[in-house]
A.B. asks: 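Starting off with a structure, shown below.
Every number for a ligand or one of its atoms is a count from 1 in the order of the listing.
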Amino acid sequence: MGIFDVFRKGLQKTRDFVTEGIGKIAANIGIFDEDMLDELEMLLVQADIGAACSIHLMNKVRGHIKQTGDASKEAVVATLRQEMKVILGQAKPLNFQKGRLNILLMVGVNGTGKTTTSGKICARYQAQGYKILLGAADTFRAAAIEQLTVWGERTNTPVIAHQEGSDPAAVVFDAIAAAKSRKADLLILDTAGRLHNKVNLMDELGKIRRIIQREAGEAHVETLLVIDATTGQNAVSQAKVFTDVAEVTSLAITKLDGNAKGGVALAVAYETHTPIALAGLGEKLEDLMDFDPEAFVDSLLPQ
Ligand SMILES: Nc1nc2c(ncn2[C@@H]2O[C@H](COP(=O)(O)OP(=O)(O)OP(=O)(O)O)[C@@H](O)[C@H]2O)c(=O)[nH]1
Ligand SMILES: [Mg+2]
């Protein structure tokens with residue numbers, strides 16, 4: 001299945017909700033008046049696109065109608081599609097290069113799919129001939145370390161781990177030393193994402209970043225924020241906290257299979273101004289694709 005088919009399947013619920021809603025609103029006269037535009041705005045919010053992003057989209061729609069005088073359903077849908085693509089931006093996949101040290105720092109709230117996505121990314125780049133190391137910098141639970149170890153075994157990749165409760169920054173220190181001495185191309189660092197306290201989170205991630213800067217100043221570093229698409233607007237507020245405290249370079253949206261609230265991808269991209277690099281589409285090793293903004297919009301709101 002190509003990404004378009006996967007998106008079409010994953011976003012079916014959201015698509016049906018939005019397209020049926022628009023059809024109903026425009027059913028009588030086929031053009032949008034002010035009340036109908038308000039209804040459309042509500043519909044977007046209900047589709048988990050988020051209040052701010054929905055208001056922004058509708059401002060664009062209203063502006064376009066004012067400019068062209070065209071309030072037809074077709075014109076409204078076309079403007080929405082166009083502006084959704086602007087929000088998602090150009091496709092921006094992860095940008096690693098073999099032959100140098102790349103470090104990928106995985107961040108995000110518990111259960112969003114950091115460890116699973118680490119394993120998937122490991123498998124993908126290994127297939128491209130990268131020499132990879134995994135670092136278990138989520139030392140919060142023993143199970144977290146074990147889970148990463150299982151992915152290491154599955155992909156035949158060494159895992160650098162300390163004991164449960166140890167200092168994540170120390171794991172990062174050792175993992176970088178190992179990556180350098182083994183001349184690894186890619187070090188993937190799985191972290192804990194407890195969000196109990198923004199200050200703690202900032203301290204922990206800040207400490208990890210300082211170690212990376214000090215010990216691997218030459219490395220190409222990317223910070224991938226993992227977002228669970230089934231958690232709706234929670235995902236949006238989490239994303240804001242993480243992009244505030246960590247230097248997030250791109251997003252991975254997971255669980256776009258299943259019961260995804262697909263509109264969340266738009267809300268998160270709008271609120272964080274951060275590109276979505278990856279889409280998680282299941283629990284298996286191969287269920288990872290580069291995020292494709294065009295295919296996403298085509299699946300969410302077909303012309
Ligand atoms: N359906 C589906 N499930 C996923 C996807 N990605 C991860 N999962 C599942 O989500 C659950 C949590 O994934 P983890 O990778 O353990 O998440 P985590 O962020 O590492 O969680 P913590 O270590 O607790 O912080 C697991 O049951 C995964 O199999 C996905 O793209 N689709
Ligand atoms: Mg984990």
A.B. asks: With a 4.0 Å cut-off on N to O distance, would you call K284 and D257 a salt bridge?
C.D. replies: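 Looking at D257 together with K284, the answer is no, because their closest N to O distance does not fall below 4.0 Å.
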A.B. asks: Search all heavy atoms of K240 against all heavy atoms of T243 and return the closest pair with its distance.
C.D. replies: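 Closest pair (atom of K240, atom of T243, distance): O-OG1, 3.2 Å.
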A.B. asks: Could you give me the CA-CA distance, side-chain angles and deciding distance for E164 and R141, then say whether salt bridge (Lys or Arg N to Asp or Glu O under 4.0 Å) is met?
C.D. replies: CA-CA 6 Å; E164 177 185 0; R141 294 178 299 120; over 6 Å; no
A.B. asks: For T112, run the side-chain contact (heavy atoms from CB on, under 4.5 Å) check against T230, D228, T231, T117 and tell me which one passes.
C.D. replies: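 With T112 as partner, T230, D228, T231, T117 yield a single side-chain contact (heavy atoms from CB on, under 4.5 Å), made by D228.
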A.B. asks: Flag yes if more than 12 heavy atoms outside K92 fall under 6.0 Å of its NZ atom; otherwise flag no.
C.D. replies: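 Above 12, so yes.
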A.B. asks: Let me check something: any side-chain donor-acceptor pairs from residues 292-300 under 3.5 Å, sequence neighbours excluded? List them with distances.
C.D. replies:
| from | atom 1 | to | atom 2 | distance (Å) |
| --- | --- | --- | --- | --- |
| D292 | OD1 | E294 | N | 3.1 |
| D292 | OD1 | A295 | N | 3.2 |
| E294 | OE1 | K85 | NZ | 3.3 |
| D298 | OD1 | R81 | NH1 | 3.0 |
| D298 | OD1 | R81 | NH2 | 3.0 |
| S299 | OG | A295 | O | 2.6 |

A.B. asks: Show the protein residues that qualify under the rule heavy atom under 4.0 Å from an atom of ligand 1, listing them in chain and number order.
C.D. replies: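 Lining ligand 1 at under 4.0 Å, by heavy atoms, one finds V109, N110, G111, T112, G113, K114, T115, T116, K120, D138, R141, Q147, T254, K255, D257, G280, L281, G282, E283.
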A.B. asks: Can you give each donor-acceptor pair under 3.5 Å made by side-chain atoms of residues 125-137, sequence neighbours left out, with the distance rounded to 0.1 Å?
C.D. replies:
| from | atom 1 | to | atom 2 | distance (Å) |
| --- | --- | --- | --- | --- |
| Q126 | NE2 | T155 | O | 2.5 |
| Q126 | NE2 | T157 | OG1 | 3.3 |
| Y130 | OH | F96 | O | 3.3 |
| K131 | NZ | R182 | O | 2.7 |

A.B. asks: Keeping to distances under 2.8 Å, can you name the protein N/O/S atoms close to the Mg ion (ligand 2)?
C.D. replies: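 Under 2.8 Å from the Mg ion (ligand 2) - ignoring waters, which are not counted - the protein N, O or S atoms are T115 OG1.
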A.B. asks: Show the nearest heavy-atom pair for residues K120 and D287, with the distance to one decimal.
C.D. replies: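 Scanning both residues, the minimum pair turns out to be NZ-O, 2.9 Å.
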A.B. asks: If you measure from the Lys or Arg side-chain nitrogens to the Asp or Glu carboxylate oxygens, is any gap between D38 and R62 under 4.0 Å?
C.D. replies: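 A salt bridge links D38 with R62.
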